[in-house]
Colleague: 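This is the structure, below, for whatever I ask next.
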Amino acid sequence: MNPTIKEIAKRANVSIATVSRALNDLSNVKNDTKVLIKKIAEELNYNPNIAARNLVSKKTQIIGFVLPEIEGEFYTEVIKGIDKVAYGSGYHMIVASSHSERSIVETLTNFMKRNFVDGVIVMIPAVNQQVKELIEGSRVPVVIINAKNEIDNVDTVSIDNYQGAYSITNYLIKNSGYKKIAIIKGPAQNNDALERFEGYLSALTDNNIEVNDNWIIEGDFTMKGGELACSRLLTLSDRPDAIFACNDIMAIGCYKVINNLGLNIPDDIGVAGFDHINLSEFILPHLTTVHVPKEELGTEAGKLLIDRIEKGDTKEITHLKISTGIVFGNSSKN
């Protein structure tokens with residue numbers, strides 16, 4: 001049989017309440033007594049009844065993370081950041097994808113309505129009305145990872161997509177000397193993609209470069225989408241001299257098309273991406289791209305959620321933006 005808290009109390013010659021306070025690191029127990037109790041607990045190989053303790057505290061010590069996809073390096077790094085914070089704070093994490101048959105509403109409902117978790121982090125490309133109502137009516141704390149603050153009373157954390165897109169477009173113009181810069185956008189309903197497009201447009205405007213609608217192609221953040229968009233751009237009679245793909249996977253799709261056409265990167269056409277995934281370091285030439293601190297994105301979201309769980313409504317709502325940087329590869333002229 002597993003040893004009980006009563007046995008520890010007997011050996012330490014203290015009350016059961018004192019043992020409970022000591023094992024929970026409460027301050028109203030003398031340090032010597034706390035050390036003794038923990039030593040006895042270790043000798044007895046005592047494991048607390050987590051389920052019983054959670055029933056008393058009405059907490060599960062579990063947080064949920066809902067994201068669009070589980071596959072892909074970007075999401076893996078975000079998960080790593082959340083998990084580090086959760087583990088360090090005594091929480092476990094359950095990850096669920098809203099991809100395929102499950103809608104995000106269904107996934108969120110499963111977390112929120114059944115007391116599975118103490119809080120939820122939601123990473124979604126856009127917040128529709130149904131999701132907004134569900135989150136606003138949630139009894140558990142929620143943190144949203146999204147580019148747009150669409151719910152005022154919920155903590156959010158996001159990448160500064162506008163700043164990243166503006167910076168790399170400006171770099172292509174001023175440092176690489178490109179004047180005819182095309183863009184392969186992300187999905188139309190994706191807030192990250194919309195911010196990146198706005199940053200691109202602002203950089204062109206600030207450098208007195210006229211926007212060419214023929215060089216604006218909608219993509220879907222997939223490699224195949226990058227291939228198809230790049231093929232359209234390179235068959236134009238007036239084709240661009242550089243392509244800014246709004247994520248690295250689409251930029252890699254561009255590499256395939258450009259190489260198949262026998263063109264040289266960056267002499268014939270420059271390419272830039274966004275995200276700085278590991279693969280961008282292994283393709284040749286190395287990709288010029290926007291560095292996104294993906295693990296930090298998860299870390300900050302995790303911190304916001306744990307803080308909200310512990311402090312409740314006493315903590316002010318936070319809307320956090322994380323800055324980006326440029327990785328200077330060889331896919332653009334130096």
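Hydrogens, waters and symmetry mates play no part in the numbers below; they use all other heavy atoms, side chains included.
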Colleague: Are any side-chain N or O atoms of Lys294 and backbone N or O atoms of Val292, one a donor and one an acceptor, separated by less than 3.5 Å?
Modeller: yes
Colleague: Checking salt bridge (Lys or Arg N to Asp or Glu O under 4.0 Å) for the pair Lys311/Glu316: CA distance, chi angles, key distance, verdict?
Modeller: CA-CA 10 Å; Lys311 296 180 181 178; Glu316 289 186 9; over 6 Å; no
Colleague: Any chance you could measure Met123, atom CE, to Asn146, atom CG, to the nearest 0.5 Å?
Modeller: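 The CG atom of Asn146 is 9.0 Å from CE of Met123, to the nearest 0.5 Å.
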Colleague: Check the hydrophobic clustering (I, L, V, M, F, W, Y; side-chain heavy atoms under 4.5 Å; chains of links allowed) and say if Leu44 and Val19 are grouped together.
Modeller: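 Yes: a chain of side-chain contacts under 4.5 Å links Leu44 to Val19.
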Colleague: Using 0.5 Å steps for rounding, measure from the CG atom of Leu305 to the CD1 atom of Ile121.
Modeller: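 Going from the CG atom of Leu305 to the CD1 atom of Ile121 covers 5.0 Å.
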Colleague: Under a plain distance cut-off of 3.5 Å, with no hydrogens placed, do Thr288 and Tyr171 share a side-chain donor-acceptor pair?
Modeller: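 No, because no side-chain N or O of Tyr171 sits under 3.5 Å from a partner of the opposite role on Thr288.
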Colleague: Cluster question for you: counting only ILVMFWY and a side-chain heavy-atom cut-off of under 4.5 Å, with indirect links fine, are Leu279 and Ile168 together?
Modeller: no
Colleague: Closer than 4.0 angstrom, basic N to acidic O: yes or no for Glu77 and Lys80?
Modeller: yes
Colleague: Please check this pair: side chain of Asp307 against backbone of Lys303, looking for a donor-acceptor N/O pair closer than 3.5 Å.
Modeller: no
Colleague: Looking only at atom types and distance, does a side-chain atom of Asn190 sit under 3.5 Å from a main-chain N or O of Pro125, one as donor and one as acceptor?
Modeller: no
Colleague: Are the side chain of Tyr166 and the backbone of Glu198 linked by a donor-acceptor contact shorter than 3.5 Å?
Modeller: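 Absent.
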Colleague: Without swapping roles, check the side chain of Gln61 against the backbone of Gly90 for a donor-acceptor pair under 3.5 Å.
Modeller: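 It does hold such a pair.
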Colleague: Report yes if the side chains of His291 and Ile326 come closer than 4.5 Å at any heavy-atom pair, otherwise no.
Modeller: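 His291 does not reach Ile326 side chain to side chain.
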Colleague: I'd like to know if the side chain of Thr156 pairs up with that of His319 as donor and acceptor (distance under 3.5 Å, no hydrogens or angles considered).
Modeller: yes
Colleague: Can the positive tip of Arg196 be found less than 6.0 Å from the middle of the six-membered ring of Phe274, inside 45° of the ring normal?
Modeller: yes
Colleague: Taking Asp118's backbone N and O only, do any of them form a donor-acceptor pair with Tyr91's side chain (distance below 3.5 Å, no angle check)?
Modeller: no
Colleague: Indicate, with yes or no, if Ile183 and Ile217 share a hydrophobic cluster defined by side-chain heavy-atom contacts under 4.5 Å among Ile, Leu, Val, Met, Phe, Trp and Tyr.
Modeller: no
Colleague: So does Thr222 get a backbone contact from the side chain of Asp220, meaning a donor-acceptor N/O pair under 3.5 Å?
Modeller: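 Between the backbone of Thr222 and the side chain of Asp220 there is a qualifying donor-acceptor contact (under 3.5 Å).
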Colleague: Using modelled atom types only, decide if a donor and an acceptor are shared between the side chain of Trp215 and the backbone of Ile184 within a distance under 3.5 Å.
Modeller: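 Judged by distance alone, no pair lies under 3.5 Å.
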Colleague: Picking from Ile269, Asp238, Asn212, what satisfies side chain to side chain contact (heavy atoms under 4.5 Å, CB included) with Lys180?
Modeller: Asp238
Colleague: When you compare the side chain of Ile144 with that of Val142, does any pair of heavy atoms fall below 4.5 Å?
Modeller: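 SC-SC contact between Val142 and Ile144 confirmed.
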Colleague: Would you say Asp275's side chain and Asn247's backbone share a donor-acceptor pair under 3.5 angstrom?
Modeller: no
Colleague: Take atom NZ of Lys315 as the centre, draw a 6.0 Å sphere, and report whether it contains more than 12 heavy atoms from other residues, nucleotides or ligands.
Modeller: yes
Colleague: State whether a side-chain donor-acceptor pair under 3.5 Å links Thr18 with Ser15.
Modeller: yes
Colleague: Quick check: does any side chain N or O of Ser89 sit under 3.5 Å from a backbone N or O of Ala86, one acting as donor and the other as acceptor?
Modeller: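 Absent.
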Colleague: Set out, in order, the CA-CA distance, both residues' side-chain angles and the distance that settles side-chain contact (heavy atoms from CB on, under 4.5 Å) for Cys230 and Ile243, then state yes or no.
Modeller: CA-CA 8 Å; Cys230 184; Ile243 298 173; 3.8 Å; yes
Colleague: Classify the angle between the aromatic ring planes of Phe244 and Tyr200 as parallel (below 30°), tilted (30 to 60°) or perpendicular (above 60°).
Modeller: tilted
Colleague: Strictly by modelled atom types, are Ser323 and Gln163 linked by a side-chain donor-acceptor pair under 3.5 Å?
Modeller: no
